[in-house]
Amino acid sequence: MGPVSVWQWSLWGLLLCSLCLGSPTPSTAPEKRAGSQGLRFRLAGFPRKPFEGRVEIQRAGEWGTICDDDFTLQAAHVLCRELGFTEATGWTHSAKYGPGTGRIWLDNLSCSGTERSVTECASRGWGNSDCTHDEDAGVICKDERLPGFSDSNVIEVRVRLKGGAHPGEGRVEVLKAGTWGTVCDRKWDVQAASVVCRELGFGSAREALSGARMGQGMGAIHLSEVRCSGQELSLWKCPHKNITAEDCSHSQDAGVRCNLPYTGVETKIRLSGGRSRHEGRVEVQIGGPGSFHWGLICGDDWGTLEAMVACRQLGLGYANHGLQETWYWDSGNVTEVVMSGVRCTGTELSLDQCAHHGTHVTCRRTGSRFTAGVICSETASDLLLHSALVQETAYIEDRPLHMLYCAAEENCLASSARSANWPYGHRRLLRFSSQIHNLGRADFRPKAGRHSWVWHECHGHYHSMDIFTHYDILTPNGTKVAEGHKASFCLEDTECQEDVSKRYECANFGEQGITVGCWDLYRHDIDCQWIDITDVKPGNYILQVVINPNFEVAESDFTNNAMKCNCKYDGHRIWVHNCHIGTWWEEKPEGLGAGGKGLHAHLPRLFPGLPTHFWISQSLHFHPPFPTIGLFSYPNHLFTLQGMPSVKRPTGGLNATLARPVTRSSKVPLPSSADHHWPLTAGV
């Protein structure tokens, strides 16, 4: 099990809101069943079809999930009947449909399959779980309804926004039959854009964008000629035209800019010493009313993710670079370091939301020259792996050792290969092609310049990045059993969209990169385009590919950098299926007390020996659902701006349960009784 998922903040840290964007609660309650004790059930997540998804249960007015520990097909049968289907045809583990939010209601669920309600099954008890949402269970039900069942209570989502440099803007994408697609800009106007903005929990639209101004999408175009009055609850409620491939192209993808309430977060950060307003040493404002002053941030461990948050807070878009040394920029009169240990996921609205050392500032390297800096940009790249190609090209090869000397030199084999009887014998390799598209608004370029690229004599090429992709074989519970990595053999434009010209080519020590609208293809027969599975035992596994895993190059969206496939290996053959873009989880941070999987779970980054303030957040329920005090959307979440809401917001109310701040130097257990909490109700 992963450790308890707790958010680590300073005392004025922010609260996590589990409001689910774009997932309206169905208006009709499901039929009450004997023994269900007032529970409600629904399917959620993506990609999925209407009869499959992450199982969510509403109990005592709060939606939650089920852990996949001990989950079986028998439990899936019971849950599918609760949802109004006749039976289950399968079940899923490891949050296949994405991680949920809020409580994990059931763990170690054990059913015989004949129960009339899930309440008759054995479990650890309601709300008693040691799982994280990366272990959420899902079901695949038979697409056949129970006679007389009045409502399946299945959710159909999250229009979503992609490619925007600021909160509340981006390319519009909608979900249809389990597949995300874009919207053609024909007849696209501010009324339709306002429906999208409100569906996402923002205000009305400030601008309706056409001509793929937020970048071109990939795959299907679901809608065209959308005509809304502006009052519809969902874009799907507006009259529209279903289109064919000939009707529209991705150069006509529609986008929006939404109106957002003013928050003032940009007044608490500034840049100094840079050559333009988009770069400089980062300075933050601290102190209470009447005693504000500016200070610097320690450069230790400052990287792309932290720089992304700083640029977002500044209103300057994305980060091109996060700098740990800024001696070449004049610091002026500000020399005091007031913040250290900053660690961000990259999705926060402000640096206050990131984990940090609080008031106990400590730096390995002292002095103002070793403080944090950023270079910001209004555009960024966005890499996406063509998952279907991986599934189509995967196969096993037993490759003789005498053909693997170059691969061994570049560490492309499992560690056990070092003790093999070279040059005799072979290694078993899982091979596949990977096609990596740049869907962003800026070219993807290596962080290092040509002067620092590394020449590899054996393969006869330059590496512009130490690691460009990670290839992993995982057990269903996330344990790694085999791994590979791909240094950027060379980043180049293999092919491009019809109206885009190639710019990067590796031949003759050429410039490396991937142009917007182009893709780089690594064929299955290239050296190191594999995972060494020689030591893997037969069984069911997950194939995971992560692009740009070390965040060496900034992107507009890191949540789509991973692809996952289900694998079945019998010791001789391998079946790779259900390849899809999935949620990414990170490795255990070096030297930190937290471990496990977690961009979405965001396990706490603890700093042993240092006093740290924690907020343990519970669900925040907004009525009506709009971002009253939060602005930055992260999958299924909004982030509030301060511990006690006081900023101006639209009419409505806020009901929340907050946890008491505590000071600890180790893991903080979740509160075990209501005595740990007090209610907060905020009117407007």
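Model, not experiment: these values are computed from the prediction.
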Between [atom1] of [X] and [atom2] of [Y], what distance do you get to the nearest 0.5 Å?
{"X": "Glu173", "Y": "Arg160", "atom1": "CD", "atom2": "CZ", "result": "4.5 Å"}
{"X": "Thr65", "Y": "Asp136", "atom1": "OG1", "atom2": "CG", "result": "3.5 Å"}
{"X": "Phe444", "Y": "Asn438", "atom1": "CZ", "atom2": "CG", "result": "8.5 Å"}
{"X": "Glu325", "Y": "Trp302", "atom1": "CD", "atom2": "CH2", "result": "15.0 Å"}
{"X": "Leu349", "Y": "Thr347", "atom1": "CG", "atom2": "OG1", "result": "10.0 Å"}
{"X": "Arg369", "Y": "Thr366", "atom1": "CZ", "atom2": "OG1", "result": "10.5 Å"}

Would you indicate whether the side-chain heavy atoms of [Y] and [X] approach each other to under 4.5 Å?
{"X": "Cys363", "Y": "Val337", "value": "yes"}
{"X": "Gln313", "Y": "Leu351", "value": "yes"}
{"X": "Thr469", "Y": "Val546", "value": "no"}
{"X": "Ile375", "Y": "Leu323", "value": "yes"}
{"X": "Lys162", "Y": "Thr559", "value": "yes"}
{"X": "Ile542", "Y": "Ile473", "value": "no"}
{"X": "Tyr471", "Y": "Ser434", "value": "yes"}
{"X": "Phe202", "Y": "Val256", "value": "no"}

Could you pull out all donor-acceptor pairs under 3.5 Å where a side-chain atom in residues 291-299 meets a protein atom, sequence neighbours excluded?
{"unit_1": "Ser291", "atom_1": "OG", "unit_2": "Gly288", "atom_2": "N", "d": "3.3"}
{"unit_1": "Ser291", "atom_1": "OG", "unit_2": "Gly288", "atom_2": "O", "d": "3.2"}

Using the rule given for side-chain contact (heavy atoms from CB on, under 4.5 Å), can you reason through Leu271 versus Leu316, listing the C-alpha separation, both sets of side-chain angles and the distance that settles it, and then say yes or no? CA-CA 11 Å; Leu271 299 181; Leu316 298 177; 4.1 Å; yes
Is a side-chain N or O of [X] found less than 3.5 angstrom from the main chain of [Y], in a donor-acceptor match?
{"X": "Gln285", "Y": "Ile269", "value": "no"}
{"X": "Asp472", "Y": "Leu474", "value": "no"}
{"X": "Asp68", "Y": "Ser94", "value": "yes"}
{"X": "Glu283", "Y": "Ser272", "value": "no"}
{"X": "Arg171", "Y": "Gly215", "value": "yes"}
{"X": "Ser377", "Y": "Thr379", "value": "yes"}
{"X": "Ser129", "Y": "Ile104", "value": "no"}
{"X": "Asp382", "Y": "Leu439", "value": "no"}

Would you call [X] and [Y] a salt bridge, taking side-chain N to carboxylate O under 4.0 Å as the test?
{"X": "Arg312", "Y": "Glu348", "answer": "no"}
{"X": "Arg445", "Y": "Glu511", "answer": "yes"}
{"X": "Lys447", "Y": "Glu552", "answer": "no"}

Output, in order, the C-alpha distance, side-chain angles, deciding distance and verdict of side-chain contact (heavy atoms from CB on, under 4.5 Å) for Gln544 and Lys480. CA-CA 10 Å; Gln544 177 175 271; Lys480 188 184 299 184; over 6 Å; no
Excluding sequence neighbours, so at least two apart, what forms side chain to side chain contact (heavy atoms under 4.5 Å, CB included) with Tyr318? Ala165, Ala380, Ser556
Who are the side chain to side chain contact (heavy atoms under 4.5 Å, CB included) partners of Arg275, not counting sequence neighbours?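 Once residues adjacent in sequence are excluded, the partners of Arg275 under the side chain to side chain contact (heavy atoms under 4.5 Å, CB included) criterion are Glu279.
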Would Arg441 and Val516 count as a side-chain contact (heavy atoms from CB on, under 4.5 Å) here? Give the steps. CA-CA 6 Å; Arg441 297 165 60 197; Val516 175; 5.6 Å; no
Between Phe558 and Asn548, is the side-chain contact (heavy atoms from CB on, under 4.5 Å) condition met? List the steps. CA-CA 9 Å; Phe558 284 114; Asn548 192 17; 3.6 Å; yes
Under a plain distance cut-off of 3.5 Å, with no hydrogens placed, do [Y] and [X] share a side-chain donor-acceptor pair?
{"X": "Gln324", "Y": "Asp300", "answer": "no"}
{"X": "Glu306", "Y": "His356", "answer": "no"}
{"X": "Ser350", "Y": "Asp352", "answer": "no"}

Test side chain to side chain donor-acceptor pair (under 3.5 Å) applied to Thr326 and Arg281, step by step: CA-CA 6 Å; Thr326 53; Arg281 179 182 282 109; 3.0 Å; yes
Residues Tyr504, Asp443; criterion side chain to side chain donor-acceptor pair (under 3.5 Å); working and verdict: CA-CA 10 Å; Tyr504 302 104; Asp443 294 352; 2.8 Å; yes
Show the nearest heavy-atom pair for residues [X] and [Y], with the distance to one decimal.
{"X": "Asn560", "Y": "Leu383", "value": "OD1-O, 3.6 Å"}
{"X": "Met465", "Y": "Val553", "value": "CE-CG2, 4.2 Å"}
{"X": "Ala319", "Y": "Met308", "value": "CB-N, 3.6 Å"}
{"X": "Ser381", "Y": "Ala554", "value": "OG-O, 3.3 Å"}
{"X": "Ser340", "Y": "Thr362", "value": "OG-N, 3.0 Å"}
{"X": "Glu135", "Y": "Asp69", "value": "OE1-OD1, 3.7 Å"}

Whether over 12 other heavy atoms sit under 6.0 Å from Arg277 CZ: no
